[in-house]
Amino acid sequence: MTRPKILILGGGFGGVFTALELAGSADITLVTDADHFLFTPMLYEYLSGEVEAWHIAPSYDELLSDNVHCIQDAVTNIDLTAQTVSLANHGEALSYDMLVLALGGVTNYVGVEGAEEFSLPFRKLGHADELRRRMVTSLDRIPPQTAPQDVRRDVTFAVVGAGASGCELSTKMADLLLDAFKRRALHGEPRVLLLEMGDNVVPGMGEQIRVFVDDALRQSHVEVHTQTRVVKLTGDEFTFEHQGNRETLKTAGVVWTGGVKMNPVIEKLDVEKNKRGVLIVNPTLQLPQHNNVFALGDVAFYADATPSLQGTAQLAFQQASLAARNVNAFLEGNELHTRHFEELGEAISLGTERAAVLAGGKAFGGALARQARFALYTSRLPTWHHRLRVGASWFLGGTEPRPLLPLGLER
Ligand SMILES: Cc1cc2nc3c(=O)[nH]c(=O)nc-3n(C[C@H](O)[C@H](O)[C@H](O)COP(=O)(O)OP(=O)(O)OC[C@H]3O[C@@H](n4cnc5c(N)ncnc54)[C@H](O)[C@@H]3O)c2cc1C
């Protein structure tokens, strides 16, 4: 008898954790466009050198057992009627009996002129590498004895969007640059701006944690501009608007953390979606009109979850066990399960020395929170084998940031 074919699309939190739980139970193929998983919550630490690529981006070869067949390719189209999936570099479409959609989102530039072309996104290892290179290059270009105001102009970076991502990133960048100024005996200070359309930083996070975030932004000398909209980017300048006044600044780099939108492959599907284009799923994670198709993570709107969980790794990670359980139940002809998903707590890294953690309704910050965050995230990495290797490396080898050295000395 042939085993049912399960196709999982997307090798992030939703896809990988579903594949790991299903491994061995059916004929499973995972299709994804990279050769490694990425633990996105620690991409900031990768930028600063506090962690290395192998800690947070293990290859699928290392993670997935022989029971999961992995294809590295880009999904271009899904045909829910023919039950096939087309890939960019595979001639023939793949057929499936059951489909799991976990393709995640993409950066949303909200139509700002020049944003897609000139800003840096921050979602992949390569984006962090490019940002680090930009920071180093801007420092390398400063001749010794340059006047402080000129240095400040030439080492100006902006981060767009002051959600958790923008705050984590801007404090990390500012700390790295401040440290580099001391090491290189440069005059003055770097300038890191954080630009937010809304009234507050970390909208959606509670007041308890915002106190630590505000404090960290101050300590890292990040210049916060709320009620400010970026309206235009060019190769080396950006323009922003605050209460009707426009200003244009020269910049060495603008990083865009201003939002996430639907994956274009999911956008093309003619199925039920909410007004943000997110797939509406049943409490079992199945698509309403296609009971052999499950969706989870950023592409799925699941009603029975704490609203702040939408678009988080926390939710995708928790949904993966429900998805795996229900795929098995479906195959065995058993009743499918439902679950309510809750916040597991918040942990946010703030600069290279601090973090803030909200757990059990209580928030704490500082160096202790930084250690707690490392411990918490060790436990969330995929597979025991990987957790043990990484945990031992952090415990024995430490998690110190890597200074921004001149380009020739960077590794
Ligand atoms: C820098 C950063 C930091 C974050 N920090 C946190 C945090 O601290 N806490 C938290 O809860 N959440 C955090 N998030 C959000 C979290 O990463 C996402 O909510 C989560 O990854 C969603 O999981 P997913 O499986 O839906 O999608 P993803 O994890 O994004 O996985 C989607 C996968 O599909 C692949 N893919 C996409 N399109 C295609 C295609 N056409 N063909 C083939 N493969 C494709 C992608 O490369 C990716 O591997 C962060 C996100 C970022 C970018």
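For the single chain, residues carry numbers from 1 onward in sequence order. First listed ligand is number 1; within each ligand, the first listed atom is number 1.
- Of all the heavy atoms of D73, the ones lying under 4.0 Å from any atom of ligand 1 belong exclusively to the backbone.
- Looking at atom 52 (C) of ligand 1, its nearest protein heavy atom turns out to be T40 CB, 3.7 Å.
- Of all atoms in ligand 1, listed by their number and element, those nearer than 4.0 Å to a heavy atom of G297 are 26 (O).
- Taking atom 30 (O) of ligand 1 as the reference point, the nearest protein heavy-atom neighbour is G104 CA, 3.9 Å.
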Please report the C-alpha distance between R210 and M205 in whole Å, then the side-chain angles of each, then the deciding distance to 0.1 Å, and finally whether the side-chain contact (heavy atoms from CB on, under 4.5 Å) criterion is met. CA-CA 7 Å; R210 185 171 307 133; M205 282 189 155; 5.6 Å; no
Stepwise, does the side-chain contact (heavy atoms from CB on, under 4.5 Å) test hold for F294 with L336? CA-CA 12 Å; F294 291 73; L336 271 60; 4.0 Å; yes
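- The single protein non-hydrogen atom nearest to atom 3 (C) of ligand 1 is Y44 OH, 3.1 Å, given as residue, atom name and distance.
- Numbered from 1 in the order shown, with element, the atoms of ligand 1 that lie under 4.0 Å from a heavy atom of A74 read 42 (N), 43 (C).
- Between K172 and E168, no side-chain nitrogen of the basic residue sits less than 4.0 Å from a carboxylate oxygen of the acidic one, so the salt-bridge criterion is not met.
- With a heavy-atom cut-off of 4.0 Å, K124 touches ligand 1 through its side chain alone.
- At least one heavy atom of N263 sits closer than 4.0 Å to an atom of ligand 1.
- One finds no salt bridge joining E50 and R402 here, because no Lys/Arg side-chain nitrogen approaches an Asp/Glu carboxylate oxygen to under 4.0 Å.
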Residue pair W394, T378: steps toward the side-chain contact (heavy atoms from CB on, under 4.5 Å) verdict: CA-CA 9 Å; W394 287 342; T378 313; 3.4 Å; yes
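- For Y377, the heavy-atom gap to ligand 1 drops under 4.0 angstrom.
- Residue contacts with ligand 1: G311 is included, with a non-hydrogen atom under 4.0 Å away.
- Residue G11 has at least one heavy-atom neighbour below 4.0 Å for each of these atoms of ligand 1: 33 (C), 34 (O), 49 (O).
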Step by step, would you call L9 with I78 a side-chain contact (heavy atoms from CB on, under 4.5 Å)? CA-CA 10 Å; L9 306 184; I78 300 166; 3.7 Å; yes
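- Considering backbone and side-chain atoms alike, V75 places an N or O below 3.5 Å from some N or O of ligand 1.
- Here is the list of ligand 1 atoms found below 4.0 Å of a heavy atom in T32: 35 (C), 43 (C), 44 (N), 49 (O).
- Taking only nitrogen or oxygen atoms, main chain and side chain alike, G14 reaches within less than 3.5 Å of ligand 1.
- The nearest heavy-atom contact from the protein to atom 18 (C) of ligand 1 is D298 OD2, 3.5 Å.
- Using a 4.0 Å cut-off between a side-chain N of Lys or Arg and a carboxylate O of Asp or Glu, D140 and R184 qualify as a salt bridge.
- The nearest non-hydrogen atom to atom 32 (C) of ligand 1, considering only L103, I348, V106, comes from L103.
- Residue contacts with ligand 1: V265 is placed with no nitrogen or oxygen under 3.5 Å of a nitrogen or oxygen of the ligand (distance criterion only).
- With hydrogens left out, the protein atom closest to atom 10 (C) of ligand 1 is A313 N, 3.3 Å, a heavy atom.
- Nearest non-hydrogen protein atom to atom 53 (C) of ligand 1 is F122 O, 3.7 Å.
- Aromatic ring orientation, F39 versus F13: tilted (interplanar angle from 30° to 60°).
- Side chains of Y302 and N282: a donor-acceptor N/O pair is absent below 3.5 angstrom, by distance only.
- Ligand 1 is never approached by F317 to a heavy-atom distance shorter than 4.0 Å.
- In the vicinity of A316, heavy-atom distances shorter than 4.0 Å reach the ligand 1 atoms 23 (O).
- Residue, atom and distance of the protein heavy atom nearest to atom 8 (O) of ligand 1 are P41 CB, 3.3 Å.
- Using a 4.0 Å cut-off between charged nitrogen and carboxylate oxygen, E410 and R132 count as a salt-bridge pair.
- The pair D215-R218 counts as a salt bridge, with a side-chain nitrogen and a carboxylate oxygen less than 4.0 angstrom apart.
- At a 4.0 Å heavy-atom cut-off, ligand 1 touches D33 through backbone and side chain alike.
- Considering only non-hydrogen protein atoms, atom 48 (C) of ligand 1 sits nearest to G12 N, 4.1 Å.
- Aromatic ring centroids of F238 and F240 lie under 6.0 Å apart.
- Side-chain atoms of V136 and L405, non-hydrogen and from C-beta on, never get closer than 4.5 Å to each other.
- Checked against the 6.0 Å centroid threshold, F364 and F212 do not count as a close aromatic pair.
- Of the polar atoms of Q314, at least one N or O is found under 3.5 Å from an N or O of ligand 1, judged by distance alone.
- Ionic pairing of E346 and R373 is not present here: no N-O contact between side-chain nitrogen and carboxylate oxygen is shorter than 4.0 angstrom.
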